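All remarks here apply to the structure that follows.
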Amino acid sequence: MPTDPQSALITIQAGLAQLSTLIVSYSFSAVGAVILLVVGYLVAGLAERSIYAGLGHIHGFDETLRHFFSQVVRYAILILVVIMVLGQFGVQTASIIAAIGAAGLAIGLALQGTLQNIAAGIMLLALRPFRIGEYVEVGAIAGTIEEIGLFATKLRSVDGVYVMAPNSTLWNQPVRNFTRNGVRRTDVTLSIGSWNDIDRAQKTLLAIAAAEKRIRREPAPIAFVANLGDTTVSLTLRYWTSAADYFSTQIDMTKRAKQAFDTEGISIPLPPPEMPAPEARKQ
């Protein structure tokens with residue numbers, strides 16, 4: 001059938017009117033989306049700087065946590081802005097939120113171990129069972145803390161070995177911090193022959209402790225009999241020193257105790273002589 005020119009014109013005019021309406025509508029949506037993106041980006045940056053600066057006023061708050069929490073706030077605002085922009089174009093935001101939740105759950109299950117390390121890192125940085133420069137022992141891991149990250153902690157062992165330990169490993173075990181209290185007790189034990197004057201040996205140990213400036217006067221050093229053997233007496237010199245001087249003082253006091261015993265004529269028992277072999281005795 002031939003098309004009526006007037007009807008065709010009316011149809012074209014209606015289509016153009018609908019198209020112009022859509023263009024105007026989407027133009028407003030596009031302008032609104034651009035405004036939302038710009039404002040959201042500025043607000044996210046402002047919120048990040050504000051959170052970072054605000055946490056900086058909290059005494060002792062870790063620098064890593066400041067960056068972490070400020071970044072979390074920033075990206076949370078940006079994600080919210082993107083969802084609002086998609087809503088401007090008629091996209092169902094509820095389905096987007098559900099998809100983000102499902103994706104987050106899947107990622108969380110896939111990265112369960114990594115997320116445990118992040119959670120443990122946050123707890124370590126917040127509660128501070130150890131700090132950089134402190135010597136700690138956690139299970140089979142021991143060393144001086146060099147860096148505390150969100151995923152792992154770096155240590156240096158006493159023999160200079162580099163150690164990287166996952167934060168979840170350090171968080172789930174008791175921590176022995178040898179530096180935190182600032183002072184440590186040290187025991188230096190030596191064995192002398194049972195025929196020596198024990199009182200004289202004790203006074204000798206206390207004298208060398210009194211001459212050492214690194215040893216604290218309170219609590220006062222003490223010397224006591226630690227063990228009795230058949231022909232030996234074990235004497236222990238117990239004193240307190242700063243954690244930084246622990247090893248050097250222990251080494252020096254062990255050497256000085258031996259030298260002082262030699263000067264005072266206090267003898268250290270020799271090991272029993274080796275028995276000759278049966279073949280040598282027969283000869």
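This one's a predicted model, so the numbers in the text were calculated from it and none came from an experiment. Computation of the quantities below employed the complete heavy-atom set of this structure, encompassing side-chain atoms and omitting hydrogens, waters and symmetry-equivalent molecules.
Rounded to the nearest 0.5 Å, atoms CZ (Arg128) and CD (Glu134) are 9.0 Å apart. Residue Arg131 holds its CZ atom at 12.0 Å from CD1 of Ile145, rounded to the nearest 0.5 Å. Put simply, CG on Leu237 and OG1 on Thr186 are 9.0 Å apart, with the number rounded to the nearest 0.5 Å. The OG1 atom of Thr153 sits 9.0 Å away from the CE atom of Met164 when rounded to the nearest 0.5 Å. Summarising the geometry, atom OG1 belonging to Thr249 is positioned 8.5 Å from atom CZ belonging to Arg256; distances are rounded to the nearest 0.5 Å. Within the model, atoms CH2 of Trp195 and OG1 of Thr231 stand 6.0 Å from one another, a figure rounded to the nearest 0.5 Å.
Every residue two or more places apart in sequence or in another chain that forms a side-chain contact (heavy atoms from CB on, under 4.5 Å) with Ile141 is listed here: Leu155, Val163, Ala165, Thr169, Leu170. Residues forming a salt bridge (Lys or Arg N to Asp or Glu O under 4.0 Å) with Lys258 (at least two apart in sequence, or on another chain): Asp262.
Under the 3.5 Å distance criterion, the side-chain polar atoms of Asn167 are left unmatched by any main-chain donor or acceptor of Ile118. Side chain of Gln173 to backbone of Val138: no donor-acceptor contact under 3.5 angstrom is found. Put simply, the side chain of Glu212 gets close to the backbone of Arg214: a donor and an acceptor are under 3.5 Å apart. With hydrogens and angles ignored, the 3.5 Å screen pairs no side-chain donor or acceptor of Asn227 with any backbone N or O of Ser234. Arg217 contributes a side-chain N or O that, together with a main-chain N or O of Ala210, makes up a donor-acceptor pair within less than 3.5 Å. Side-chain atoms of Arg180 never come within 3.5 Å of backbone atoms of Tyr135 as a donor-acceptor pair (strictly under, hydrogens ignored).
The side-chain heavy atoms of Val225 and Val233, taken from C-beta on, include a pair separated by under 4.5 Å. Between Leu124 and Trp171 the shortest side-chain heavy-atom distance falls below 4.5 Å. With a 4.5 Å cut-off on side-chain heavy atoms, Val136 and Thr179 do not count as touching. Using a 4.5 Å cut-off on side-chain heavy atoms (C-beta onward), Ile215 and Met253 make contact. Using a 4.5 Å heavy-atom threshold, the side chains of Leu235 and Leu190 count as separate. Between Pro129 and Asn177, every side-chain heavy-atom pair lies at or beyond the 4.5 Å cut-off.
Here the closest heavy-atom approach between residue Ile192 and residue Ala201 is recorded as CD1-CB, 3.9 Å. Closest non-hydrogen pair, Leu78 versus Gly40, comes out as CD2-O, 4.3 Å. Across all their heavy atoms, Arg216 and Ser242 have their closest contact at NE-N, 4.2 Å. Contact between Pro221 and Leu206 at its shortest, heavy atoms only, is O-CD2, 3.6 Å.
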Q: Would you sort out whether Phe261 and Thr204 count as a side-chain contact (heavy atoms from CB on, under 4.5 Å), showing the intermediate values?
A: CA-CA 7 Å; Phe261 282 173; Thr204 301; 4.1 Å; yes
Q: Given side chain to side chain donor-acceptor pair (under 3.5 Å), test Thr189 with Thr236 step by step and report yes or no.
A: CA-CA 4 Å; Thr189 302; Thr236 295; 2.9 Å; yes
Q | side-chain contact (heavy atoms from CB on, under 4.5 Å) assessment of Asn196 paired with Ser267 | A | CA-CA 7 Å; Asn196 292 281; Ser267 59; 3.3 Å; yes
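Applying the ring pair (Phe, Tyr, Trp, His ring centres under 6.0 Å) test to every pair with at least one member in residues 199-251, sequence neighbours left out, gives no pairs at all.
Surrounding CG of Asp230 are at most 12 heavy atoms belonging to other residues, nucleotides or ligands under 6.0 Å away.
Salt bridge status for Glu146 with Arg156: present, with a side-chain N to carboxylate O gap under 4.0 Å.
Follow the hydrophobic side-chain contacts under 4.5 Å out from Leu127 and you reach Phe151 in the same cluster. Cluster annotation: Ile122 and Ile132 are assigned to the same hydrophobic cluster (Ile/Leu/Val/Met/Phe/Trp/Tyr, side-chain heavy-atom contacts under 4.5 Å, transitive). Residues Ile251 and Val183 do not share a hydrophobic cluster, defined by chaining ILVMFWY side chains whose heavy atoms lie under 4.5 Å apart. Each of Ile148 and Phe178 belongs to its own hydrophobic cluster when Ile, Leu, Val, Met, Phe, Trp and Tyr are linked at side-chain heavy-atom distances under 4.5 angstrom. Cluster annotation: Tyr75 and Leu46 are assigned to distinct hydrophobic clusters (Ile/Leu/Val/Met/Phe/Trp/Tyr, side-chain heavy-atom contacts under 4.5 Å, transitive).
When only modelled atom types and interatomic distance are considered, Asn117 and Ser168 share a side-chain donor-acceptor pair under 3.5 Å.
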